[in-house]
Protein chains: 2
Amino acid sequence: MDRSSGKRRKARKPRPDGEESRQRILDAAAEIAGERGYDGTSIAGVSERSGLPASSIYWHFEDKDALIAAVIERSFERWLDGMRGWLEPHTAASPLEHLEQGLRLTAKALLDSPDFLRLGLMLALERRPEEASARKLFLAVRARTFERMLASFSALFAGRLDGRQVRMLATLTMAAADGLFIARELDESLDLAAHLESAATGVLAVAERLARSGPSTRSRTGRAE
Amino acid sequence: MDRSSGKRRKARKPRPDGEESRQRILDAAAEIAGERGYDGTSIAGVSERSGLPASSIYWHFEDKDALIAAVIERSFERWLDGMRGWLEPHTAASPLEHLEQGLRLTAKALLDSPDFLRLGLMLALERRPEEASARKLFLAVRARTFERMLASFSALFAGRLDGRQVRMLATLTMAAADGLFIARELDESLDLAAHLESAATGVLAVAERLARSGPSTRSRTGRAE
DNA sequence: ATTATCTATAGATCTATAGATAATGC
DNA sequence: ATTATCTATAGATCTATAGATAATGC
């Protein structure tokens, strides 16, 4: 059924309304999944909100799991668009400016396309045995982002902090972003950019303190890679 | 059906196995809800895992919503047990020690009974229109904890920070706790206590910076109460 | 000929209840 | 008499598919 994976795509051009319908289905699924999570997203609901029958959904997507994974994938691409400029190598003058720029872009991306992180965190907190492809996709994407942050902190504190300490800084930064995102979801009047900026101040203060106290201050805090 | 709300409880003593069954149902529901969220928790699943028929579940709880709310309520009580000592007024010598003690207890409580925050965050991220009683309960409990933190920070920085600044500190602290909890859920080798302690260092650094720069430094960051 | 949508429905699962039966309290 | 469990099932909803039909590409 599913021809979205592009395996043996025919040379022939598809009908123009097909892609539009696919997007309408993804829009509806993203809305509902963002409201109600994985199990709360029913095919009937997506069908109703998109205006297309259930069988059309199954024509475009293999099954419900693939549909949710596609929602994550698309929202991640939009998210990446928002973060472009930071991820491209060396558009900022100094490592510190690079981090600050990353922060501003993160705040903007979180506000522009919150579906990605909201649904992603919901999937991450769930630990269902089967049907994990959407969750796996989110975790892979998240790991990649973490590696970027690691590289950024490494450049900023080269020679002053060891790998374990840099990893802790990146963990704290990502935790602050996740936590502040949740706070803002629960209170939309919260100024996300200002809070992220304060959090960055705190992370840098932790970094200075770690740098002064030398490498390997306490028992291991994370698994070696 | 539901006699759990204790409205017109008869003078007569209930059978001893009743309460035990109720707890087994709650155990099973907590496990499944922690794995799969609200919609993923089916009565059939709870019935199978608890060993009691569905009708027994409905004898003990009004409906599924009440069951999930009871799960939240019980895990919150256990959580509170872990936090007792911090919440009771003035067991610590200084405000700073009070905060540090709260931090240690938070780490311990998060590790001992993670169900409360895991399920709570899942519910918080969802925004379903109906069936909100479990979610409301979690948010109320969360708000109370936030107020305690606010009082604690107020005492610690009395006269040096205004209400808005104290609120930002509490928001950052709670965000760090939420975010680090998620990080630890995704990587159970993560040393939660050490990371929380580092986060606290960062929050205090932010506080010092705010105190030095005087009150009302930038545009409002939160809604007035 | 291929792409996409439509109607209709099979079969599984889910929430909730009816009504009989067992166990305990007074 | 009340508390609690048991069997059985109604009725709704959910995932997924079958098969007819429409629209477009070549």
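Lettering of chains follows the sequences in order, A, B, ..., and the numbering in each one begins at 1. Side chains included, hydrogens not; waters and symmetry mates left out as well; all remaining heavy atoms used.
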Please state how far atom [atom1] in [X] lies from atom [atom2] in [N], giving the value in whole angstrom units.
| X | N | atom1 | atom2 | answer |
| --- | --- | --- | --- | --- |
| R24(B) | dA4(D) | CZ | P | 14 Å |
| H60(B) | dA16(C) | NE2 | P | 16 Å |
| I25(A) | dT5(C) | CD1 | C1' | 10 Å |
| E20(A) | dT3(C) | CD | C1' | 15 Å |
| W59(B) | dT21(C) | CH2 | C1' | 15 Å |
| E19(B) | dT3(D) | CD | C1' | 13 Å |

Extract from the structure each pairing of a protein N or O with an N or O of nucleotides 9-15 of chain C at less than 3.5 Å, listing the distance.
unit_1  : atom_1 : unit_2 : atom_2 : d
dT15(C) : OP1    : K64(B) : NZ     : 3.0
dT15(C) : OP2    : I43(B) : N      : 2.6

Most 5' of P53(B) and S55(A) on DNA chain D, judged by nearest nucleotide
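So the residue in question is P53(B).
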Which pair of non-hydrogen atoms, one from L196(B) and one from A177(B), has the smallest distance, and what is that distance?
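The answer is CD2-CA, 4.1 Å.
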Non-hydrogen atoms of R184(A) and L190(A) that approach each other most closely
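Reported closest heavy-atom pair: CD-O, 3.8 Å.
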Would you please name every residue forming a side-chain hydrogen bond (donor to acceptor under 3.5 Å, both in side chains) with K136(B), sequence neighbours left out?
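In terms of side-chain hydrogen bond (donor to acceptor under 3.5 Å, both in side chains), with neighbours along the sequence ignored, K136(B) is linked to no residue.
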Suppose we screen for side-chain hydrogen bond (donor to acceptor under 3.5 Å, both in side chains). Which residues come up paired with Q23(A), at least two apart in sequence or across chains?
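Listed in chain order: E19(A), R74(A).
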Distance-only side-chain donor-acceptor flag, S189(B) / D187(B), under 3.5 Å:
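Their side chains do contain a donor-acceptor pair, which is all the 3.5 Å distance test asks for.
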Between the side chains of D65(B) and Y38(B), does any donor sit under 3.5 Å from an acceptor?
yes
Under the side chain to side chain contact (heavy atoms under 4.5 Å, CB included) test, which residues partner R24(B), sequence neighbours left out?
E20(B), L52(B)
Across all chains, not counting sequence neighbours, the side chain to side chain contact (heavy atoms under 4.5 Å, CB included) partners of R104(A) are E100(A), Q101(A)
Dot-bracket, 5' to 3', for DNA chain D please: Watson-Crick or G-U pairs under 3.5 Å, [ ] where pairs cross earlier ones, | where the partner sits on another strand, dots elsewhere.
||||||||||||||||||||||||..
